[in-house]
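Note sheet for the following structure.
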There are 2 protein chains.
Amino acid sequence: MAKHYLDLSLLFHALADPTRRSILTRLAETPARVTDLAGPTGLRLPTVMRHLSVLEEAGLITTSKDGRIRTCAIVPEALDPVRTWLDEQRAIWEARLDRLDAFVMNVMKESKE
Amino acid sequence: MAKHYLDLSLLFHALADPTRRSILTRLAETPARVTDLAGPTGLRLPTVMRHLSVLEEAGLITTSKDGRIRTCAIVPEALDPVRTWLDEQRAIWEARLDRLDAFVMNVMKESKE
DNA sequence: GCGATAGTTAGCGATATGGCTAAGCATTAT
DNA sequence: ATAATGCTTAGCCATATCGCTAACTATCGC
């Protein structure tokens, strides 16, 4: 069905840029043309293009070209691997409540410095 | 209570590296010394140090030094902003079910190429 | 004190990132 | 047919990233 899960590193990297996150949020409203996306960012077209290709390679958006217009749209399931990873981590992290003890110990040690 | 939320960009960037994610997973088991963390990675100490400082600046871990030993521990709440952002996005993305129509239209257009 | 251990700092090299301009190409409008 | 529009490509610049080695500092064990 999909191979959007490409790679967590690609996903996280794509999400690490505020411009790209704003593009995603903008695309969440409705699909848009490249020029439409460039407008709000204040960036030049080639720069936006690069961001779009990063997003596309991460599987976060799809684009299609009709005539001279390229339309971009989000791929909602693309965030699933991120969510899954977060859930896994939370499970592990919370499972170790005694981690708190170690944390407190560290804080105590730190206060000795 | 905390100011760990520093910045989504810092968080995503920190999570974008597989070595750093593996360090986090390792730390989820139990706090560890720098050398302990370096072992499994196969990387040199200074390299690991750099990863640790990225993680610490993102608020994902805390470290404290006792004698010559630095102990690292995860900061579980640090992932909260990421989770919050994901939840927000999912809410927006799913709210626009008609996005599906647009997506289908794009696919149809694409198939014309 | 002396050596081993744990971490740190400084700095190098290769590559990636994020911005730009300039120029090109394809499509649409006149 | 020509001009305007929308995107794309090529390439430049500055900075950041990720790995390393070498050398330094600070403990700890004896």
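First the proteins, then the strands, lettered A, B, ... as listed; each starts at 1.
- Heavy-atom distances to DNA chain C give each of B:Leu45 and A:Asp17 a nearest nucleotide, and the one nearer the 5′ end belongs to B:Leu45.
- Annotation: of the two residues near DNA chain C, A:Gly67 and A:Val54, the 5′-most nearest-nucleotide partner is A:Val54.
- Among the nucleotides C:dG7, C:dT8, C:dG19, the one closest to the side chain of B:Pro46 is C:dT8.
- The shortest heavy-atom contact between A:Leu86 and B:Val82 is CD1-CG1, 3.6 Å.
- The distance from atom CG of B:Leu52 to atom P of C:dT9 is 13 Å, rounded to the nearest whole Å.
- In this structure, A:Leu43 atom CG and D:dT8 atom P are separated by 16 Å, rounded to whole Å.
- A side-chain N or O of A:Arg21 and one of B:Ser9 form a donor-acceptor pair less than 3.5 Å apart.
- Nucleotide C:dT5 holds its C1' atom 13 Å from the CG atom of B:Asp36, rounded to whole Å.
- One finds a side-chain N or O of A:Arg20 lying less than 4.0 angstrom from the OP1 or OP2 phosphate oxygen of C:dG18.
- Of the side-chain N and O atoms in B:Arg33, none sit less than 4.0 angstrom from OP1 or OP2 of C:dG7.
- Atom CG in B:Leu10 sits roughly 13 Å away from atom C1' in D:dA16 (whole-Å rounding).
- The shortest distance between the side-chain N/O atoms of A:Thr47 and the OP1/OP2 oxygens of C:dC20 is below 4.0 Å.
- When rounded to the nearest whole Å, the span between CD1 of A:Ile69 and P of D:dT5 equals 13 Å.
- For the OP1/OP2 pair of D:dT25 and a distance below 4.0 Å, the side-chain nitrogens and oxygens of B:Arg68 include no atom meeting the criterion.
- One interatomic measurement links the two molecules: CZ of B:Arg50 to C1' of D:dT17, which rounds to 8 Å at whole-angstrom precision.
- One interatomic measurement links the two molecules: CG of A:Asp66 to P of C:dA26, which rounds to 17 Å at whole-angstrom precision.
- Side-chain nitrogen and oxygen atoms of B:Arg44 include none within less than 4.0 Å of the OP1 or OP2 phosphate oxygen of D:dC18.
- To the nearest angstrom, P of C:dT5 lies 19 Å from CE of B:Met49.
- When only modelled atom types and interatomic distance are considered, A:Glu56 and A:Thr63 share a side-chain donor-acceptor pair under 3.5 Å.
- An OP1 or OP2 oxygen of C:dG19 is reached within less than 4.0 angstrom by a side-chain nitrogen or oxygen of A:His51.
- Checking side-chain atoms of A:Arg33 against main-chain N and O of A:Ile69 turns up no donor-acceptor pair under 3.5 Å.
- Classified by interplanar angle (parallel below 30°, tilted 30° to 60°, perpendicular above 60°), the ring pair B:Phe12/B:Trp85 is perpendicular.
- Contact check, B:His13 against C:dT17: no side-chain N or O comes under 4.0 Å of OP1 or OP2.
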